[in-house]
Amino acid sequence: MSVHNRPFASVLALAALGIPCAAATAQRPTAPVARDTAALPSVVVTATRLPLALPVQPVGVTVLDGADLRARGLVTVAQALREVPGAAVVQSGSFGGVTSLFVRGGESRFTKVLIDGVPANQPGGSFDFAFLTTDNVERIEVVRGPASVLYGSDAMSGVVQIFTRRGAGPARPRASVRAGTYGTVDADAGVQGGTARLGYSLDAAQHVTRGLFGDSVVPLPNGAGTRTLDNTFRNTVLSGALRAAPDAATDVTLTARFNRGRYHFPTNGNGAVVALQNASRDDQRTLVGLDAGRRLARRVEGRVLLTANEQRLAARDLPTAPSDTLRFYAEGRDAVYRRAAEARLNVTLAPGAVLTGGVEHMGQGQSTRGTSSSRFGVTPQRFTAERRNTAYYGQLLGRAGRGAGGAATYTLSGRVDDNQQFGTFGTYRVGAGYALPFGTRVRAAAGTAFKEPRFDEVFTTTFTRGNATLRPERTGSWEAGLEHQVASGRFGASATYFDQRFRDLIQFRGIARNAPAADSSNYVNIGGATARGVEFEARALGLGPVDVRASYARLRTRVTDPGAGGATFTRGAALIRRPATQGAATVQTRLPNGGTFAVTGTYFGRRADVDFSRFPSPRVQLGGYGLADLAADVPVFAGAGRLPAAVTARVDNLFDRQYQAVQGYLAPGRVVLVGVRVGR
């Protein structure tokens with residue numbers, strides 16, 4: 001069946017059938033905590049699929065609180081992730097430009113992105129953070145290190161999971177609007193509330209900007225007049241969550257997030273402004289998830305997770321004037337889906353020990369339609385492909401020793417994936433931690449992970465030729481960490497060393513016209529690289545009205561097998577666009593009237609890149625840069641029977657620093673945004 005003919009409503013039908021199997025909150029190896037873990041930022045679920053206190057996680061984890069992000073005016077998830085150690089965010093030029101995340105030196109396609117448990121990546125790991133916002137977000141959990149054993153393909157270097165706000169208490173409406181530099185307008189409205197049995201949150205937001213080059217007038221070639229550049233970025237986001245707990249043993253949560261965005265850019269692939277060019281790309285995405293469970297016995301809990309990710313992509317670069325006849329032009333559309341059904345059991349073997357076993361079946365597909373044209377003719381591009389994957393996994397999570405957290409904690413897990421394309425593939429992860437006296441804890445973990453090939457790398461047959469025999473890209477990693485905290489966690493610091501090796505990396509290579517059929521593919525498994533480094537985090541909360549958070553990471557990457565990588569993949573050289581050092585620090589002050597004021601500084605060190613504007617394309621070194629940001633949220637009135645209101649302000653790049661995150665692409669200068677907020 002064609003990708004276009006698969007009705008999205010079938011997923012909702014499956015969800016409805018799954019409700020009778022609904023599940024309750026997971027049996028927990030730690031001391032009992034409240035059912036709604038979204039209200040407990042110290043409890044993390046992404047790293048182990050079970051609620052576990054942050055200090056005893058077996059791997060490096062950072063939690064970003066949604067309320068804090070909103071108080072500081074951070075609208076995009078990419079902005080928030082810049083403060084996570086070992087996570088390098090790279091934006092190609094203006095707002096809406098392709099935005100990639102490199103975790104622990106891995107490729108941008110090596111990080112799994114989940115929204116309420118729904119995989120948001122395209123098949124093969126690609127994900128563009130440009131369209132992902134913090135609207136209606138409760139918290140963001142960032143797990144660093146391989147996690148395929150729990151999440152399958154794509155989770156080679158880390159996992160980023162976004163959780164939608166769950167409602168509780170009386171209905172609380174909210175609305176905000178702000179405007180400022182580059183013709184930017186951000187507007188948001190929503191409501192949340194509920195009872196012990198039923199909670200809800202709904203939100204709608206729109207973000208618009210004219211961009212770096214918006215309204216600029218440039219002369220056309222050969223004296224053909226002038227043209228106004230279009231650099232507009234528009235993004236509409238709808239999100240919601242509905243959580244039901246009909247009895248003490250059952251809970252069901254339905255979440256959905258929809259976005260529709262369009263980005264216009266008057267720049268070529270090297271970041272240079274082209275007078276005749278007015279290219280654009282669209283991203284429309286719908287994600288729906290149903291997480292349900294029921295306590296089947298005193299020590300047994302069952303859970304069902306149904307997910308769907310439907311995406312429509314479009315890209316256009318067409319002639320803009322009669323004189324525009326010498327370039328290459330293209331127009332294409334992609335329809336992509338990922339749908340999965342998962343069932344798992346959590347069995348409490350003994351106090352502090354939980355055995356989890358699960359099975360997941362996923363179907364995914366892509367349909368590509370497009371044309372490439374020039375004065376030499378028109379070439380169609382099209383393919384439709386689908387594949388299925390069934391996985392079986394198990395995990396033993398436990399503690400030993402005295403105390404609520406136990407002196408020692410451990411996790412043992414394994415997974416087997418049976419993929420329609422590349423067959424059977426196994427992964428594992430082991431981890432352990434031990435509590436020393438005086439609030440100090442040591443931990444270590446090791447594991448493997450993989451990423452399946454993209455559909456075009458396997459099936460395309462037009463300008464490039466796919467390879468049906470491609471193997472998954474894979475990694476092996478280990479890490480060791482030391483953590484210390486006092487005063488119930490208000491003061492703490494952690495340090496982590498990691499070593500990760502990537503193998504069977506998929507590379508694009510040129511082929512000769514007379515190459516034999518057996519050697520005619522453009523994509524092969526020949527690359528290899530290493531990434532190792534250290535990560536530091538520190539916090540001091542409640543220094544009077546002041547909270548301080550800081551992070552630092554140092555990274556060393558090296559190519560061990562260059563294959564046919566050229567300038568982007570050179571033996572012994574560093575991987576491109578990963579800073580060797582990066583750091584961030586935020587000082588946030590609570591004002592006497594209940595408001596907040598925050599100062600954030602970020603630094604990104606030198607990194608390698610490639611200058612694609614020249615041929616052959618040489619490697620270049622981009623200099624490091626530091627940025628300072630300010631944010632304020634100042635209440636103007638609050639009282640009984642009235643919604644709280646506040647004036648908000650944010651300044652990004654306070655000193656108007658000129659820099660390039662990507663070679664050739666100008667980054668935004670100073671951004672000033674001022675607005676009002678009603679409700680929270």
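Just so it is clear, the values below take in all heavy atoms, side chains as well, and ignore hydrogens, waters and symmetry mates.
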Donor-acceptor pair between [X] and [Y] side chains, under 3.5 angstrom:
X      : Y      : answer
Gln311 : Asp283 : yes
Thr164 : Asn136 : no
Asp291 : Thr253 : no
Gln366 : Thr368 : yes
Arg443 : Thr496 : yes
Gln420 : Arg387 : no
Gln161 : Thr46  : yes
Thr236 : Gln206 : yes
Thr384 : Arg369 : yes
Asp418 : Thr390 : no

Test: [X] cationic atom under 6.0 Å from [Y] six-membered ring centre, within 45° of axis:
X      : Y      : value
Arg104 : Phe498 : yes
Arg281 : Tyr263 : no
Arg339 : Tyr337 : yes
Arg344 : Tyr393 : no

Determine whether Arg677 and Asp633 satisfy the following criterion, salt bridge (Lys or Arg N to Asp or Glu O under 4.0 Å), listing intermediate values before the conclusion.
CA-CA 9 Å; Arg677 170 184 58 79; Asp633 186 287; 2.7 Å; yes

Contact between [X] and [Y] at the side-chain level, heavy atoms closer than 4.5 Å - yes or no?
X      : Y      : result
Thr255 : Arg166 : yes
Leu306 : Val304 : yes
Leu150 : Gln395 : yes

May I ask you to decide whether [X] forms a salt bridge with [Y], counting only side-chain N to carboxylate O separations under 4.0 Å?
X      : Y      : answer
Arg144 : Glu537 : yes
Lys451 : Glu107 : no
Arg471 : Glu452 : no
Asp65  : Arg139 : no

Should Arg49 and Glu342 be marked as a salt bridge (Lys or Arg N to Asp or Glu O under 4.0 Å) after you check the CA-CA gap, both sets of side-chain angles, and the distance that decides it?
CA-CA 13 Å; Arg49 302 292 292 269; Glu342 176 185 354; 2.8 Å; yes

Around atom CZ of Arg172, are there more than 12 heavy atoms from other residues, nucleotides or ligands closer than 6.0 Å?
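More than 12 within 6.0 Å, yes.
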
Applying ring pair (Phe, Tyr, Trp, His ring centres under 6.0 Å) to Phe233 and not counting sequence neighbours gives Phe131

Could you walk me through whether Leu397 and Thr356 satisfy the side-chain contact (heavy atoms from CB on, under 4.5 Å) test, starting with their C-alpha distance in whole Å, then the side-chain angles of each, then the deciding distance to 0.1 Å, before giving a yes or no?
CA-CA 8 Å; Leu397 177 66; Thr356 299; over 6 Å; no

Atom pair CG/CD1 of Leu287 and Ile162 - distance to nearest 0.5 Å:
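Leu287 atom CG to Ile162 atom CD1 measures 10.0 Å (nearest 0.5 Å).
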
State the CG-CD1 distance between Leu64 and Ile140, to the nearest 0.5 angstrom.
5.5 Å

Stepwise side-chain contact (heavy atoms from CB on, under 4.5 Å) check, Thr348 with Val300:
CA-CA 7 Å; Thr348 302; Val300 180; over 6 Å; no

What verdict does the side-chain contact (heavy atoms from CB on, under 4.5 Å) test give for Val90 and Phe102, after you've listed the backbone C-alpha separation in whole Å, the side-chain angles of each residue and the deciding distance to 0.1 Å?
CA-CA 8 Å; Val90 177; Phe102 302 92; 3.7 Å; yes

Using side-chain contact (heavy atoms from CB on, under 4.5 Å), reason through Lys112 and Leu114 one step at a time and then give a plain yes or no.
CA-CA 7 Å; Lys112 186 103 171 186; Leu114 303 169; 4.0 Å; yes

Please say which of Arg257, His207, Arg70 ends up in a side-chain hydrogen bond (donor to acceptor under 3.5 Å, both in side chains) with Asp135.
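Only one option passes, and that is His207.
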
Could you please spell out the steps behind the salt bridge (Lys or Arg N to Asp or Glu O under 4.0 Å) verdict for Asp154 and Arg338?
CA-CA 13 Å; Asp154 314 334; Arg338 296 183 80 167; 3.0 Å; yes

Let's go through Arg312 and Gln284 carefully: what are the C-alpha distance in whole Å and the side-chain angles of both, what is the deciding distance for side chain to side chain donor-acceptor pair (under 3.5 Å) to 0.1 Å, and is it a yes or a no?
CA-CA 5 Å; Arg312 298 291 184 266; Gln284 178 177 305; over 6 Å; no

Aromatic plane relationship, Phe422 with Phe450 - under 30° parallel, 30 to 60° tilted, over 60° perpendicular:
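Ring orientation of Phe450 relative to Phe422: perpendicular.
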
Pick out which of Thr48, Val59, Thr62 makes a side-chain contact (heavy atoms from CB on, under 4.5 Å) with Val143.
Val59

Pairs in or reaching into residues 190-209: which pass salt bridge (Lys or Arg N to Asp or Glu O under 4.0 Å), with residues at least two apart or in two chains?
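Non-adjacent pairs meeting salt bridge (Lys or Arg N to Asp or Glu O under 4.0 Å): Arg174-Asp203.
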
Pair Arg109, Glu473 - check salt bridge (Lys or Arg N to Asp or Glu O under 4.0 Å), show working.
CA-CA 11 Å; Arg109 61 185 183 273; Glu473 299 177 284; 2.7 Å; yes

